[in-house]
Amino acid sequence: MLQIRDAIKNITLFQNITEEALEIIVSISALIRYQKDSILFYESDFSDQLIFLADGLLKVYKIDKFNNEIFLYYVYKNSMISELSNLEENTIHCFSNAEFIEDSAILTINFKKFKEYFLNDNPIIKNFIKELILKNQQLQCIINRELVFDAISKVAFMLINDLQVFNSLKRHEVAVLLHIQPETLSRVLQKLQRNGVIEIDKGRILVSKENELKKIYNGGV
């Protein structure tokens, strides 16, 4: 049966590390087994663990507004599962859903302690990881916009994250950017205005209820 020390050494990230570093990782890690069809986490869950697949197979997917499953990718053994979004916090936000396709084992590492031991004293590595996380977040935005969000979610997401760009473009340019029809964009904006979520002042959008906009693309409405 796979042991925790061997599970760590099998992961590419930890190959060729010193014995001292290995002992530290062992001390803050756990090996947990799951049966086929078990759910590891759901989208929007939070975890305080850095998670790797030590054995087995994991499916990663999202659910769109119409409750359809959208397959993203498989995670194979000895690979990282966690999708990092922030190094400053001690919890990891789950971008998608994860389900085991076969009996599997995961390696969990305390995220806070891992940062304390290996990242906080090395600003170059820490800043490099932050840049990689930023790129990953941009990719996640594309996945949501193109595969998961409906028209109103696309508009709400852009109003929250790119309001300045939204207001600097003509409406038909925004529609092209979001891959929706100009008429659809107009209807969405009118609906948001009627509901008091936004105001439209001389063609410029002003956000009145930021939390309500976030709820739209986070599944709250």
Side-chain angles (χ1 to χ4, degrees), residues 1-35 38-63 72-144 148 161 214 217-219:
M1 182 177 291
L2 185 65
Q3 300 298 314
I4 188 168
R5 184 181 298 273
D6 293 327
I8 294 170
K9 293 170 70 174
N10 288 340
I11 294 171
T12 302
L13 178 62
F14 303 125
Q15 291 178 356
N16 301 318
I17 61 175
T18 65
E19 191 65 27
E20 179 183 4
L22 177 61
E23 290 301 323
I24 291 173
I25 296 172
V26 169
S27 70
I28 60 174
S29 300
L31 195 61
I32 306 171
R33 301 187 183 279
Y34 286 83
Q35 293 183 339
S38 299
I39 299 296
L40 177 60
F41 52 70
Y42 289 103
E43 182 176 351
S44 298
D45 282 349
F46 289 88
S47 173
D48 60 359
Q49 302 292 311
L50 196 59
I51 308 174
F52 298 82
L53 186 63
D55 192 27
L57 183 64
L58 186 76
K59 178 179 71 172
V60 177
Y61 64 97
K62 292 181 73 70
I63 301 294
L72 297 180
Y73 57 87
Y74 288 117
V75 177
Y76 298 94
K77 69 176 183 178
N78 302 327
S79 300
M80 187 165 78
I81 299 172
S82 298
E83 300 157 331
L84 297 183
S85 58
N86 193 325
L87 274 186
E88 304 306 319
E89 299 177 359
N90 294 321
T91 55
I92 300 172
H93 175 261
C94 300
F95 168 69
S96 49
N97 308 287
E99 177 184 349
F100 293 102
I101 302 301
E102 58 189 44
D103 291 350
S104 304
I106 63 166
L107 175 74
T108 65
I109 302 176
N110 184 289
F111 187 46
K112 179 181 179 180
K113 292 182 179 178
F114 181 81
K115 290 190 301 178
E116 291 174 353
Y117 284 122
F118 299 106
L119 298 182
N120 289 347
D121 292 333
N122 195 322
I124 294 179
I125 291 179
K126 193 170 183 179
N127 289 336
F128 178 67
I129 294 175
K130 286 181 179 179
E131 290 298 317
L132 294 178
I133 289 174
L134 178 60
K135 290 294 182 182
N136 185 54
Q137 289 175 330
Q138 292 171 337
L139 178 60
Q140 291 177 355
C141 288
I142 293 172
I143 290 173
N144 278 332
V148 179
N161 294 280
K214 289 181 178 180
Y217 59 81
N218 283 329

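All residue numbers refer to positions in the sequence shown, counting from 1. Remember, predicted model here, so these are calculated numbers, not experimental data.
Taking the side chain as every heavy atom from C-beta outward, I81 and F41 approach each other to under 4.5 Å. The closest side-chain heavy-atom distance from F111 to T91 is not below 4.5 Å. A 4.5 Å side-chain heavy-atom check between K113 and I24 finds every atom pair outside the cut-off. Here the side chains of F118 and I125 are not in contact, with every heavy-atom distance at 4.5 Å or above. Taking 4.5 Å as the limit, some side-chain heavy atom of R5 sits within range of a side-chain heavy atom of L22. Two residues are said to be in side-chain contact when any heavy atoms from C-beta on lie closer than 4.5 Å; Q137 and I133 meet this criterion. Proximity of L57 to Y76: side-chain heavy atoms (C-beta onward) are separated by under 4.5 Å at one or more points. Between I109 and F52 there is a side-chain heavy-atom pair separated by less than 4.5 Å.
Heavy atoms of other residues, nucleotides or ligands lying less than 6.0 angstrom from CD of E20 number 12 at most. Enclosure of atom CG in N16 is not indicated, since only 12 or fewer non-hydrogen atoms of other residues, nucleotides or ligands lie within 6.0 angstrom. At most 12 non-hydrogen atoms from other residues, nucleotides or ligands lie less than 6.0 angstrom from NZ of K112. For Q15, the CD atom is densely surrounded, since the number of other residues' heavy atoms within 6.0 Å is greater than 12. Heavy atoms from other residues, nucleotides or ligands lying under 6.0 Å from CD1 of I124 number 12 at most.
Atom CD1 of residue I92 and atom CG of residue D48 lie 8.5 Å apart, to the nearest 0.5 angstrom. To the nearest 0.5 Å, atoms CG (N144) and CG (L139) are separated by 10.0 Å. How far CD1 of I101 is from OG of S38: 11.0 Å, rounded to the nearest 0.5 Å. One distance of note links CG of D55 with CG of D6; it measures 12.0 Å at 0.5 Å rounding. Rounding to the nearest 0.5 Å places CD1 of I106 at 4.0 Å from OH of Y34. To the nearest 0.5 angstrom, D45 atom CG is 10.5 Å from S96 atom OG.
Closest approach of N97 and E43 over heavy atoms only: OD1-N, 2.9 Å. The heavy-atom pair separating V75 from M80 by the smallest distance is CG1-O, 4.1 Å. Across all their heavy atoms, E83 and Y73 have their closest contact at OE2-OH, 2.8 Å. Nearest heavy-atom pair across A54 and N78 is O-OD1, 3.6 Å.
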(message) Would I17 and I25 count as a side chain to side chain contact (heavy atoms under 4.5 Å, CB included) here? Give the steps.
(response) CA-CA 10 Å; I17 61 175; I25 296 172; 3.8 Å; yes
(request) Verify side-chain hydrogen bond (donor to acceptor under 3.5 Å, both in side chains) between N10 and K77, making sure each step is shown before the conclusion. (result) CA-CA 9 Å; N10 288 340; K77 69 176 183 178; over 6 Å; no
(request) Please step through side chain to side chain contact (heavy atoms under 4.5 Å, CB included) for the pair R33 and L2, ending with a clear verdict. (result) CA-CA 10 Å; R33 301 187 183 279; L2 185 65; 4.0 Å; yes
(request) List the steps and the verdict of side chain to side chain contact (heavy atoms under 4.5 Å, CB included) for K115 and K126. (result) CA-CA 9 Å; K115 290 190 301 178; K126 193 170 183 179; 5.9 Å; no
(message) I'd like to know whether S104 forms a side chain to side chain contact (heavy atoms under 4.5 Å, CB included) with L53, so could you lay out the CA-CA distance, the side-chain angles of the two residues, the decisive distance to 0.1 Å, and finally the verdict.
(response) CA-CA 8 Å; S104 304; L53 186 63; 4.1 Å; yes
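Ionic pairing of K59 and E102 is not present here: no N-O contact between side-chain nitrogen and carboxylate oxygen is shorter than 4.0 angstrom.
Listed for the Q49 side chain is a donor-acceptor partner under 3.5 Å among the backbone atoms of N110. A donor-acceptor contact shorter than 3.5 Å is absent between the side chain of E89 and the backbone of L87. Under the 3.5 Å distance criterion, the side-chain polar atoms of S82 are matched with a main-chain donor or acceptor of I51.
Residues passing the side-chain contact (heavy atoms from CB on, under 4.5 Å) test with N161 are F157, Y217, sequence neighbours excluded.
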